[in-house]
Each structure stands twice: as structure tokens, then as C-alpha cells.
Amino acid sequence: MLDKKYNHKEVEKDKFKTWLKKEYFKCGDTSKEPFTIILPPPNVTGRLHLGHAWDVSIQDIVARYKRMQGYDVLWLPGTDHAAIATEAKVVAKLKKEGIDKYKLGREKFLEKCWEWTEEYGGNIRKEWANMGLSLDNTKERFTLDEYSVNAVNKAFIDMYNKGLIYRGKRIINWDPEAKTALSNEEVFYKDTKGAFYHIKYYIEGEDNYLDVATTRPETLFGDTAVAVNPKDKRYKHLIGKNIIVPIVNRVVPIIGDEHADMEKGTGVVKITPAHDPNDFEVGNRHNLERIVIMDEKAVMNEVTGKYNGLDRFECREKLIEELKEKDLLEKTEEIIHSVGYSERTNVMVEPYLSEQWFVKMKDLSQNLIKMQKDRDKKVNFFPKRYEKIIIQKAEECYDWCISRQLWWGIRIPIWYKDNEIKASVDSPGEGWVQDEDVLDTWFSSALWPFSTLGWAMEDDSLYKRYFPTNFMSTGYDIIFFWVFRMMFQSQNFTKQNPFKDCYMHGLIRAKDGRKMSKSLGNGVEPLEMVEKYGADALRYYLTTTSAAGMDLRFDEEKITSTWNFINKLWNASRFVLMNIEDIKEENLDNLKLEDKWILTKLNNTIKEVEKHMNKYDFNLAGASLYSFIWEDFCDSYIELSKSSLNDNTTKTVLLKVLTAILKMLHPFMPYVTEEIYQKLPIKESESIMISTYPKYNKNNIYLDEEQVLTKVLGDVTNIRNLKVNNNITKEASITIKSSKDLESIYKNMLKIKDDYIVEKAPKDKKEYNYKSNYIDITYYQEGSVLNKELLLKEIEKLEQSIIKRENLLANENYITKAPQNIVELDKQKLKEEQEKLKILKEKL
RNA sequence: GGGCGAUUAGCUCAGUUGGUUAGAGCACUUGCCUUACAAGCAAGGGGUCGGGAGUUCGAGUCUCUCAUCGCCCACCA
């Protein structure tokens, strides 16, 4: 027997171990159709946050649902080495211990990274287990295991040979803290206080100067031209003349270039080809020299003379002082402008000229667009709007910088000897040296849906069976980092998309709507919530309280509500189990009205839930289940069943409905449904995990009965309302007219005892009557007065509704154009309202 | 500058291909320990669905427009 109260700790205790032991999570039944989900690998940088919990709950729901529907489900787990993110954390940890990364050396440093990975990877595994995830842990992968490394090498070499990967000297986003290049995606922009420094650039041989405004004055050491717009009447005549870069006194040309915007600033712009991507382009157009003025730590180099060795910001400060002293500073305007920062180290990104590896995006993007426009080959996004967003991204695509000056990652399979370059995993021979850099962590992530399945391994049987995958779920914040890249890489190497459906969920926000973050200290630990309310409650809450693609404002009160819902399920189950212990065999031969009603409701719910589940509308599936369980099953059917608990048919219906409920809830709340399922006197399997998902059965639809009982229950509410409004007590005498089988239902639901039923109206007592198609009931009571006010209010409401409906039905357009069933419904409704009005008016 | 989303009850949010009187949770009012559940039961109150216009027999839902908030991308001398 179940305890009186739901105890999530007790319920969730050992089930996961049992499931594991029984190998329910393992894929491989080839008699079934495969269904594949690849887990987005969390970074081994720390704990899982609520966003992860949300993401994995969605996937587990789909995995369990599909498994119960008879698919051979592979849900493959894994973790990501997260190159720069992890390296930054390890570097920071070592720094605390007083150890310098470079002094430690590459090999020893990597050992530290592996130690870190073991520790945090282990934590992550525990948290997955806590959430009850049905991951096939015999196939766990890591982005630095041989599955991934082989795939990355194979992919890189292939792309290099095809010219899809090239090496180039370009201005890239440089992180001076981590001393590495970044892709555009790894830079985030933040409004930052800064200034426009208006510096005087004297024209050669003249006493005139041009006012050149810049936010980064220190870059003047690299200036190799000053540009004006060729159409700009103010400066047109100066094109071709020379100008003197202050402090360095370098003579550079004044050039005409479209890049100079007449509307902006003074219309004059200094050109620093080695330190600004736009200037780099200008430099290419005008054959300008590129002068690098900083090193990889953003410290000024020898080019800057006495500023050599100063940090970029220090240099800026000192330089401004010097400019002031020499009267070369026209003015300083304070501004707030947006400045790029490194996503991981949080330092200001420096546009930096360096030699890096790039993926050429044009053809890959074009192919993606083509594929996405093909109805049969495209990825279906949920919600649909992301299909447009991914195409937009493809259309504006720039080349992807993939080399990183880091150690933690997959080393670029490129070898150099003198002027020769070779792409190869192993050394091509004596004297060859491998590229020092590693690849962007997202390069390996992009291959994840097929690398994990053994695409580059000798044994690629998993790949053959389980690729392409069926379902991908992730937050919209990594659509460009990851989803986009998985798509084009998969298209490139497998000629297919990596997944059929892609579900995008939102971000978890704090209760006040702000982002959850460590720095704000408003983060919530999933483990803490599991501890307080159980994984089941957390999972159901996360997956059913918002619509697809929407952000979720975390609200602990709502988890409490979910806990209450589970407690309700628990107690309903308790009631059922208490009363069906002695059930002999299932028997549905003598279905009563209420049995037919609940079976109809159940089947409609099954149909609805399946529809929503197939579209990943978990909130709608959850809402259907919630109202069916709480309102139809608990509030109505269980109450009705109380009068026939000895009937084997009633017992059977209670069991059947409860079983179906448990099964439909199981993907959402695996633990509690398993707990209750285990206690059922008759069940189809040893675990609910391997039971079959309920199927809609039209033989169990009883439309007429459903309609009758729905009306009857409506009557019950109205009669209760009548009693409350008129303070009718339990002791009031009653006359009741109804059909025999319905009468027992009314009496049951209204808790009418035979003692108070009278044959005739007692004298000198007030009458309170309710009449409908199925019942005519009157309460008699002394002393109490008819609540005239309420009655009038009701009449007024009804009259308004009748007028509205009469007008509608008088509208010929409506009659002829609206569907017949809608019109019929209105006519019927009108009739009912008119009858009701008549009754109410009689009372007055 | 380009794009996307949001705006519905006091709060947090649902609302499917346009169709009965727009829903839920929490909060609120009233009455109940009715032996599955007081973390519950019963009955209620509360919304001109951001403003305006249009299409339609019919608009929270479709179109246009304006406003406010948020996000993404690009630019940022």
C-alpha cells in the first residue's frame, strides 16, 4: 500500500540503478525501427545548470516516449573538452597554485587538463543519473576520444585537400589573455565607456591639419594612410597629398576610399591595416604597408619607440598625455560605444593581424540553403521560425577561423618542412614539424552527430544503423555556434542533414527576468531542486510551463504546484490500489454510464497527448494530462466510482485508466510512475519503462454517454451553486425527479441522503428549484430568503447572451456562410438559454 | 541599419487549422477535516487579449500600422 503522502526521496531512491542493471537504456534491438538522439555534450568546465536540466529533460521525454512506442532508441551521451573554456579554467586554477602554464609546458599542462576532465566529467555523470536520464551509457563519448579525434583529422584533411580549409593572414579577433584567435561567434559586444580622441594630423608642407577622430589612439603607430571619401567636397582636393602621423612623424598618403563615411565623425579616418579589419581591406585596395604594433599579449612592441613594453591601455593613457603636451589633441569626447569582449576570458578583444586557418564558408552555406529549401531533405525546426534564422545566417556567412593558439584540443593535422605543407595525422617523415595550434572546440562539435557513431572508425555499424539522427534539442543561444555548423558539416561529409527534427528551447531566467549567472549570484542548482522536490517535479515543471522557443522564468512556487500535482496522482493511485487489490480478472462487460464517460475522455486524451508529443508541444501534452487526471479522473470519476466499488467492472476501469495515466506521464516523471506501476495488481511488464504507450481506440468512444454525463455534471455544479448561494443546509428536504440511473449519480455527487427526500412539498417552506433535461430538483427550507440580487444578476447575464445569439442567428450571412454544425450548436444553445431564462423568471 | 520575439486576470504563463461564455498555476472571497489527498474538497470574484485600422458571417488567433520591452546579427574612425 502506498504511504499517505508522496515522498519523492523515497520514490526516487534506487530506481535508476535497477533500470541500469536491467539494461533498459541500451539500444540494439534490430527487430525495431531505430530512433536516435545525440546528447549535446556539456562542457567539462563545471556543474550542470538548470538550462542543462531543461535540455536533458526534453530529450529524456522523447527517448522514453519513443521507446514505449516500440522504437529501438539510442540516446547517446558525451561531454565536450571545450578547448578555450576548460583551458581558461585550468590556467586560472594553476595560477592560484602559483603555477604558470608556459613554465609547466604543453605535456604537463595537458595532464592537468585531463585530471580536470575526469573530475568534472564524473560530476556530470552523477547529475545525469539524478535526473533519471535514460542515456545509453555504454556508448558515452568525449570530444577528445578516438571517435572524435579520428573524425576531426579525417574531416580536416579532406577539407584541406578540397580547398575548403585554407591558411591566411587576416585580421582576426584576438584574445590577449588566452593569447589565441577567436571566431566571430566567440566575441560578445558590450556597451563600454570610451572616448573619441580628435587628433591633429598635419598635412605635409602645410600649416593645416586634419581632425582625425579615433577611439583607439594607440593604433596610430600603425597608421599607413589617412582616408577621406572621394565624393567629400571638404577634402577631395587633398587626395594625393601626404600627411604626417603625429608622434611617429611618419609621412603617409591621403587616400580616397569609400570606407570613409562623410556623415561620421569628421569624415576623415586613419588607416591602420594591421589592427582593424576595415582598414585591412582598405590597405589591400591601396597597397598599404601593414605595421604590427603589439605582441600577442596586446603589449606595445618596438615599433612604438618609447612605448615599447607598455600595455595597450597604459600606452593609450600616456600617449594622450604626450599629444596634449604637444598640442596635437584637438578635443576628447566621452562616448559609450559597443566593444567586443572574449566570451571566455572576458577581456577586450583586439583586432590582430595573424596567420590562421579558416573554413571557406561560401559553398557550404549555399549548399545548406539549397538543402533547407528541399522539403524532403531539410531539418524541421520547432518552433518553425528558426528555419528562417538559420538561412539568414547562411546568407551572411563569413569564413570561420578555426585555429586556436591553445594546447587543450585537437592539434591541427598539418605539417611543415621548409616551405612545404602537408596534411596528415602522422609525421610525413624526418624534419617535419606539426602545426602548434589546436582546433576550435566547435570544429569537433560540428561533427558530433556522426563522429560519435563511428563515422571515422573501422567499425561504423552504429553509424550505418543510427544515422541520420531523429531529434536534436538545444537552446537557441548556440544555434550559430553549433546547429548551423553541424548542419553544413554533416551535409558536406554525409550528404544528409544530421537530424530530422531540431527543437529549440529558450533560456532559463531568474524570477525577475534577468539572466541567471554566476556573477549575479542568482543561479539555481538543479540538484538543490531535485533534493527539495524530486527530479520528477523538476522535469515536469521545466518541460510543461512554457511553449517551445520561449524563455522560462524560474519560479519555485510552480515546482511546488507540480509537486502537489504528483501528490494528487499519488493519492488517486492510493485510492485505486486500495480498492482493486482483490480484482480477479479484467472485465468490461457491464459498462455503466460513468465508465463509458471516463473511457471516452481517456481516449480523447490519449489522442490529444499523442498529437502534442509528436509535435514536441510538451506544455500542451502536460496540460491535457493535468486536466484529465485532476478534473475528469479525480474530481469526477473517482467520486462516481465510490458507489460501485464492489463491481468488478468499476475496478477494471479504475485500473485501466490509472495504467494509461501512468504510462502517459512516465516520460515526464519516470520515478513516481514506476513506483506506482510496480504496485498494480495486473500489469503487462516488469517495468513501466518497457510497457507499451497507450493507443487511441475508437471502440472506446461513447459519444452519447459522454454528452449525457457531461450535462449531468454541469447540473451538479449548478445545483451546488444554488445551495451555496441560498445557504441551503444539509437538513433541507428535497424532492427529486430524474431517471433511475441518473438519479443515483445526482444523489451521489450531491451527497443526498435518502432520509431527506420527501414525496410532496412541505408546507410553509421556501422552494429552491433547479430543472434541466435530466433532473428536476427542489430544496425546501425554512427561514432562508431567496437571494434576489443573485437571481437578477443571473437573469441579466442570460438576457444579454440571448440577445447576442438572436442577432447572430438573424444574420443571413452567418446562416449561409458558417459551417452547419456551428450554426446548429448556436440554435441549440439559444433554445437552452431561453428555457433557462423562463425558469429563472418564474422564480421571481 | 537588418531581423526575430513578446505585450492575454493582481503575478507567472498557456491558448492547435479563425468558430460555443478566452484558460491554468499562484494570489483573492465564501463554505467544508465529505475516511485517496487540508500540499485537499466545493462554490465564486477577477480579463473591452498593448493602441488603431483592415479582411471575414465571425479575429486573442490572419494583414497593415503605431507604441513599449527584450533578444540576435551587422556597424561602431
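Order of the sequence lines sets the chain letters (A, B, ...), proteins ahead of strands, with each chain counted from 1.
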- Message: Please classify the nucleic acid contact of A:Ile638 as base, sugar-phosphate, or nothing, using heavy-atom distances under 4.0 Å.
- Response: base

Return no unless some side-chain N or O of [X] is found under 4.0 Å from OP1 or OP2 of [N].
X: A:Lys4; N: B:rC37; result: yes
X: A:Arg720; N: B:rA42; result: no
X: A:Thr717; N: B:rA43; result: yes
X: A:Arg805; N: B:rU21; result: yes
X: A:Asn721; N: B:rG44; result: yes
X: A:Lys611; N: B:rU16; result: no
X: A:Tyr386; N: B:rC72; result: no

- Message: Among B:rC73, B:rG40, B:rC26, which nucleotide has an atom closest to any side-chain atom of A:Glu557?
- Response: B:rC26

- Query: What's the closest nucleotide to the A:Leu620 side chain, out of B:rU16, B:rC73, B:rU12?
  - Reply: B:rU16

- Nearest-nucleotide comparison on RNA chain B, the residue closer to the 5′ end among A:Phe633 and A:Ile335: A:Phe633

- Item | A:Lys5 (side chain) and B:rA39 (base): donor-acceptor pair under 3.5 Å | yes

- Message: When you measure only distances, ignoring hydrogens and angles, does the side chain of A:Lys558 come within 3.5 Å of the base of B:rU12 through a donor and an acceptor?
- Response: yes

- Task: Evaluate the ring planes of A:Tyr386 and A:Phe381, with Trp represented by its six-membered ring, and classify them as parallel (under 30°), tilted (30 to 60°) or perpendicular (over 60°).
- Result: tilted

- Answer yes or no on whether A:Lys568 is positioned over the face of A:Phe633, meaning its NZ or CZ is under 6.0 Å from the six-membered ring centre and within 45° of the axis. no

- Query: Between atom CD in A:Glu639 and atom P in B:rG40, what is the gap in whole Å?
  - Reply: 15 Å

